[in-house]
Amino acid sequence: MEVYSDYRNDDEVEVFRKYGKLEHDDCISRDVIVPEDIPLYALHYVIQRAFGWQNSHLHKFELPDERFDILTGHKASMWSRLVGILFRSPLMDDEDEFWADDYSGGSFKNWLRKKYTGPYMSQCHGEGIISCREDMRKLDRNREYYVMYTRFYDPDSKKYDGEEHVSEVLPVYDYEGNKRQEPKPWHGDDVPYRVEVMKFDAVPSEGVRYLFDRNPMALLERLPIRAVLAIGKMELPENCSEGERALIDSQIAYFGEDVCRAVDQHVQSIIKKQIDAPQVQVMTPPVTDVLLYNYDFGDDWEVRITASANCPDLVESGRITQAELDRANVKCREVYRPVMIAKDGEMLIDDAGGLCGFANFLKKIHPELKWMDPDEKEDAKRQKKELLAWAKSLGWHRDNSTNFRLL
């Protein structure tokens, strides 16, 4: 699990190396052994504990954009077929969405531990196939939409001549039946664009995100990790061998039709029996080799998740011995709970402003006093004290627990 950002720069990485306990890679990361049946809702709590967050903001699990577009065939119609099978309904009730967030006091760490200790059973009835299909029937598929396409800005040419993408989707008529004006790009008259009018099923899947208050790309959190993420046998997907790549690719259902075909019989059984309990829901074949987790939509923390059935790279690099790895595997099975085996980088903090803000925080609590005059030193010391008090109030601390004991 790697914390990443498209805007990360070398200066931030240097700060993390100097003050943030980053030793091995250029991103803050955690390596964790998890039971293969751990569902995404429980994995969320693992991530919170592993990186030091306090579960105080919204989160989502998603596919990379390219995988989402290919899987849905670039059509809203296929996306809607996969709601309840792979994707959450954006019309889900709040009570269903936050069913597991029942913390009411006591040790926060112990509460988290109970959440990611098996056996696992989702109680989110809003993720049921029948419930989700009822939500999809509420959609007005005959409603017309303006779909605006623009082009990405190319910094080399300094023009908007990059790849075309959907930048806005807007109903042609408002709820009072009045026709809206055709939209135009909000970021400048020099932006080339075109607008098409189409009904819901024809809207490109990348445009579906503009149609709902909640994110329609969020994955069902009742799904176990094995039903979403294709894994390598001995290597992580990135930069793996050709043989390992072939093994990973053989697991993945690349197209939505493949996913629907794999679960159709089970879906029909649920609908026929009208039993929509969480424990009888369908399980998809893996659909990706990279899973994305986003936490705090303001700070926009992004975690990139990949997996293998073994991790010889950690042994070969000397970050863990084979004996320690074997012991961690045994412990995971004995206690039915994830076990951290490697950690690179400091614990993170809520409301810090993402990676950039966290880098600034680390710099300010490690001021270079020898280069300051007396007044600057006093100001830096005061700021450090205030920042540490603020961080402590948010539950941040330097966790010195051994990796095996952290979770």
Side-chain angles (χ1 to χ4, degrees), residues 57-63 65-66 68-98 124-153 160-221 256 292 294 296-300:
H57 298 281
L58 298 175
H59 73 277
K60 60 185 177 184
F61 287 95
E62 285 186 330
L63 303 176
D65 287 346
E66 183 179 1
F68 176 81
D69 290 338
I70 293 174
L71 191 71
T72 57
H74 299 271
K75 296 295 183 183
S77 55
M78 177 53 73
W79 165 81
S80 67
R81 285 181 63 188
L82 292 171
V83 171
I85 294 174
L86 188 62
F87 300 114
R88 278 185 155 187
S89 167
L91 305 179
M92 184 189 299
D93 291 338
D94 286 348
E95 289 184 5
D96 282 322
E97 184 173 5
F98 303 110
C124 183
H125 292 272
E127 290 191 341
I129 187 69
I130 296 176
S131 176
C132 287
R133 294 210 165 181
E134 288 175 351
D135 283 348
M136 292 300 97
R137 280 195 287 270
K138 296 174 185 176
L139 301 177
D140 183 356
R141 295 178 182 270
N142 289 314
R143 194 175 191 187
E144 293 184 323
Y145 296 89
Y146 291 121
V147 179
M148 181 168 68
Y149 297 85
T150 58
R151 294 189 177 276
F152 286 112
Y153 181 77
Y160 287 93
D161 57 4
E163 184 179 349
E164 188 177 66
H165 66 286
V166 176
S167 57
E168 187 174 0
V169 178
L170 183 71
V172 173
Y173 297 91
D174 63 23
Y175 289 103
E176 295 180 353
N178 301 312
K179 189 173 183 178
R180 292 186 171 100
Q181 288 188 337
E182 185 177 291
K184 294 183 178 181
W186 60 268
H187 47 305
D189 294 333
D190 60 333
V191 180
Y193 77 98
R194 63 184 178 90
V195 176
E196 293 185 22
V197 175
M198 56 187 70
K199 294 182 179 180
F200 177 85
D201 284 347
V203 171
S205 55
E206 64 175 307
V208 172
R209 72 187 72 191
Y210 298 103
L211 301 181
F212 302 98
D213 293 332
R214 283 199 181 98
N215 176 27
M217 301 168 68
L219 295 169
L220 295 167
E221 297 194 7
L292 303 180
N294 180 273
D296 185 349
F297 305 155
D299 282 2
D300 202 30

Could you please spell out the steps behind the side-chain contact (heavy atoms from CB on, under 4.5 Å) verdict for Val169 and Phe200?
CA-CA 10 Å; Val169 178; Phe200 177 85; over 6 Å; no

Decide side-chain contact (heavy atoms from CB on, under 4.5 Å) for Phe212 and Leu139; before the verdict, give the C-alpha distance in whole Å, the side-chain angles of both, and the deciding distance to 0.1 Å.
CA-CA 11 Å; Phe212 302 98; Leu139 301 177; 3.7 Å; yes

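Using a 4.5 Å heavy-atom cutoff, the side chains of Val191 and Arg151 are not in contact. By the 4.5 Å heavy-atom criterion applied to side chains, Arg180 and Asp174 are counted as neighbours. Taking 4.5 Å as the limit, every side-chain heavy atom of Arg214 sits out of range of all side-chain heavy atoms of Arg88. Looking at Asp299 and His57, their side chains never come closer than 4.5 Å, going by heavy atoms from C-beta outward.
Closest of all the heavy-atom pairs between Val166 and Glu206 is N-OE1, 3.4 Å. Heavy atoms only, all atoms of each residue included: Tyr146 and Val195 are closest at CD2-CG1, 3.8 Å. Here the closest non-hydrogen pair linking Pro185 and Thr150 is CG-CG2, 4.1 Å. Here the closest non-hydrogen pair linking Val147 and Pro204 is CG1-CD, 4.1 Å. The two residues Met78 and Thr72 have their closest heavy-atom pair at CB-O, 3.1 Å. Of all non-hydrogen atoms in Phe87 and Pro216, the two that sit nearest each other are CB-O, 4.0 Å.
Atom NE2 in His125 sits 12.5 Å away from atom CG in Asp93 (nearest 0.5 Å). Rounding to the nearest 0.5 Å places CG of Asp140 at 6.5 Å from OH of Tyr145. Between the CG atom in Leu211 and the CG atom in Leu170 there is a gap of 9.5 Å [rounded to 0.5 Å]. Separating the CE atom in Met136 from the CZ atom in Arg81 is a distance of 14.0 Å, to the nearest 0.5 Å. Taking SG of Cys132 as the start and CE of Met92 as the end, the distance is 6.0 Å to the nearest 0.5 Å. Annotation: the span from Leu91 atom CG to Arg137 atom CZ amounts to 12.5 Å, rounded to 0.5 Å.
Note that Arg143 lies in the cation-pi zone of Tyr175, set by a 6.0 Å cut-off to the ring centre and a 45° limit from the axis.
In this structure Asn294 satisfies the side-chain contact (heavy atoms from CB on, under 4.5 Å) test together with Lys60, Phe297, Asp300, Glu302, sequence neighbours excluded. For Lys138, the salt bridge (Lys or Arg N to Asp or Glu O under 4.0 Å) partners two or more places apart in sequence, or in a different chain, are Asp135.
With Leu82 as the fixed residue, the side-chain contact (heavy atoms from CB on, under 4.5 Å) test singles out one of Leu71, Leu220, Leu219: Leu71.
Atom CG of Asp213 sits in a sparse spot, with 12 or fewer heavy atoms from other residues, nucleotides or ligands closer than 6.0 Å.
In this pair, Phe152 and His165 present their aromatic rings parallel. The plane angle is below 30°, not in the 30 to 60° band.
Under the 4.0 Å criterion applied to side-chain N and carboxylate O atoms, Arg194 and Glu196 are assigned as salt-bridge partners.
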